[in-house]
Amino acid sequence: MKFGKWLRQQMQETLPSWRDKFLSYDHLKKLVRLISAAPAVLTGKSGKAKAQFLYLLNNEIDKFNTFFMEREEDFIIRNEELQKRIKRVSDTWGPNGCHPSKIIYENEVRKLRKDIVDLHGEMVLLVNYSNVNYTGLAKILKKYDKQTGALLRLPFIQEILEQPFFTTDLISKLVKECEGTINAVFLMGEEEERNREVNEGTAVAAGDGIYRNTVVALLTLQEIRRTSSTYSHHSLPPINLPADFNLIQLVVQLNPPISIIL
């Protein structure tokens with residue numbers, strides 16, 4: 001699949017409010033064509049297109065950074081609030097608590113599970129957002145150098161590697177912590193309740209919820225970070241999917257991953 005079409009598919013597979021935060025790849029691609037088209041005849045247009053290209057490229061990076069940092073801060077706050085809620089529910093139900101009814105307790109735990117899974121899914125989507133947009137930038141810069149004969153890609157990539165949206169160490173750490181929280185919270189309650197919610201989670205995977213979007217994001221991360229004959233120091237390192245990959249395969253059967261042409 002051509003990259004432009006693949007990117008549009010990625011935008012459709014994320015949260016609706018995120019879709020206008022992705023790379024304006026088609027617009028940048030049109031500008032590259034203008035820059036490289038008959039420069040001897042269209043020198044003025046080519047120069048203007050080049051200025052527009054660089055301006056848009058820098059604006060896109062600013063857009064990525066602003067969105068990424070806003071989401072990252074939101075996730076930190078939500079994670080702290082969830083930890084407080086977990087402690088409150090655990091203390092209430094624990095040996096020193098007031099022992100509310102089992103129905104109230106199970107309702108609270110059910111809400112916690114949903115909110116934690118949603119938070120985890122959104123954080124995975126943000127890591128994917130970073131990867132997809134980095135890939136798009138590398139792709140458009142490669143196209144620019146090839147069609148114009150310039151050498152913009154290498155210095156620009158070096159700058160991108162230092163940008164906040166590319167630095168996913170903190171969000172990746174939060175994802176791991178959230179996975180540990182999910183395991184702990186899913187141990188709260190009866191075995192029957194846990195089995196029921198796992199089955200519900202599998203059903204949601206085939207629908208349009210955050211769970212399905214998360215699975216698609218994990219598969220995309222694997223595709224982007226796979227090792228191949230075209231691997232270079234500009235490529236992202238490989239990623240290992242979680243141990244419960246068999247569950248993810250249920251969704252893959254409905255929506256098989258599509259290779260992208262980089």
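No donor-acceptor pair under 3.5 Å is formed between the side chain of N128 and the backbone N or O of V124. When atom types are taken as modelled, the side chain of Q163 and the backbone of E159 share a donor-acceptor pair closer than 3.5 angstrom. Using modelled atom types, no side-chain atom of T14 and backbone atom of Q10 make a donor-acceptor pair closer than 3.5 Å.
Going from atom OG of S36 over to atom NZ of K50 covers 12.5 Å, rounded to the nearest 0.5 Å. Atom CD1 of I86 sits about 11.0 Å away from atom CZ of R113, to the nearest 0.5 Å. One finds the OG atom of S130 at 12.5 Å from the CG atom of L125 (value rounded to the nearest 0.5 Å). Atom-to-atom distance recorded for H27:NE2 and I140:CD1 is 11.0 Å, nearest 0.5 angstrom. The CG atom of D74 sits 14.0 Å away from atom CE of M69, with the distance rounded to the nearest 0.5 Å. Remark: L137 CG to I160 CD1 distance equals 4.5 Å, nearest 0.5 Å.
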Kindly determine whether W6 and K139 satisfy side-chain contact (heavy atoms from CB on, under 4.5 Å), including the steps that lead there.
CA-CA 12 Å; W6 177 84; K139 170 68 175 176; over 6 Å; no
Worked check of side-chain contact (heavy atoms from CB on, under 4.5 Å) between V117 and T214:
CA-CA 10 Å; V117 169; T214 305; over 6 Å; no
Using the side-chain contact (heavy atoms from CB on, under 4.5 Å) rule, take N131 and T220 through it: C-alpha gap first, then chi angles, then the decisive distance, then the call.
CA-CA 9 Å; N131 282 236; T220 299; over 6 Å; no
Checking side-chain contact (heavy atoms from CB on, under 4.5 Å) for the pair L54/L152: CA distance, chi angles, key distance, verdict?
CA-CA 10 Å; L54 294 174; L152 182 63; 3.7 Å; yes
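F64 meets the ring pair (Phe, Tyr, Trp, His ring centres under 6.0 Å) test with F165; sequence neighbours excluded. When the side chain to side chain contact (heavy atoms under 4.5 Å, CB included) test is applied to S172, the partners found at least two apart in sequence or on another chain are V127, T168. Looking at residues two or more places apart in sequence or on another chain, you find a side chain to side chain contact (heavy atoms under 4.5 Å, CB included) between E70 and T66. In this structure F75 satisfies the ring pair (Phe, Tyr, Trp, His ring centres under 6.0 Å) test with no other residue, sequence neighbours excluded. For F156, there are no ring pair (Phe, Tyr, Trp, His ring centres under 6.0 Å) partners two or more places apart in sequence or in a different chain.
N65 and P164 get closest at one heavy-atom pair: OD1-CD, 3.2 Å. Scanning both residues, I35 and Y144, for their nearest heavy atoms gives CD1-CE1, 3.6 Å. Pairing each heavy atom of C178 with each of H120, the nearest pair is SG-CB, 3.6 Å. K143 approaches V32 most closely through the heavy-atom pair O-CG1, 4.1 Å.
With hydrophobic clusters built from ILVMFWY side chains whose heavy atoms lie under 4.5 angstrom apart, L15 shares a cluster with M11. Using a 4.5 Å cut-off between side-chain heavy atoms of Ile, Leu, Val, Met, Phe, Trp and Tyr, with links allowed through other members, L161 and I61 fall into the same hydrophobic cluster.
In summary, K114 and D118 engage in a salt bridge, as defined by a charged side-chain N under 4.0 Å from a carboxylate O. A salt bridge links E60 with K63: the distance from a Lys NZ or Arg NE/NH1/NH2 to an Asp or Glu carboxylate oxygen falls below 4.0 Å. Under 4.0 Å is where a charged nitrogen must lie from a carboxylate oxygen, and between R78 and E122 at least one such pair does.
At a threshold of 4.5 Å between non-hydrogen side-chain atoms, the residues W18 and L126 count as touching. Side-chain contact check for Q83 versus E80: every heavy-atom pair is 4.5 Å or farther apart. T135 is not listed as a side-chain neighbour of L23, based on a closest heavy-atom distance of 4.5 Å or more. Two residues are said to be in side-chain contact when any heavy atoms from C-beta on lie closer than 4.5 Å; R85 and D115 meet this criterion. Residues Y134 and I157 meet the side-chain proximity criterion, which asks for heavy atoms closer than 4.5 Å.
Sorted by first and then second residue, the salt bridge (Lys or Arg N to Asp or Glu O under 4.0 Å) pairs involving residues 15-37 (not counting sequence neighbours) are R8-D26.
Between F68 and Y129, the gap from one ring centroid to the other reaches at least 6.0 Å.
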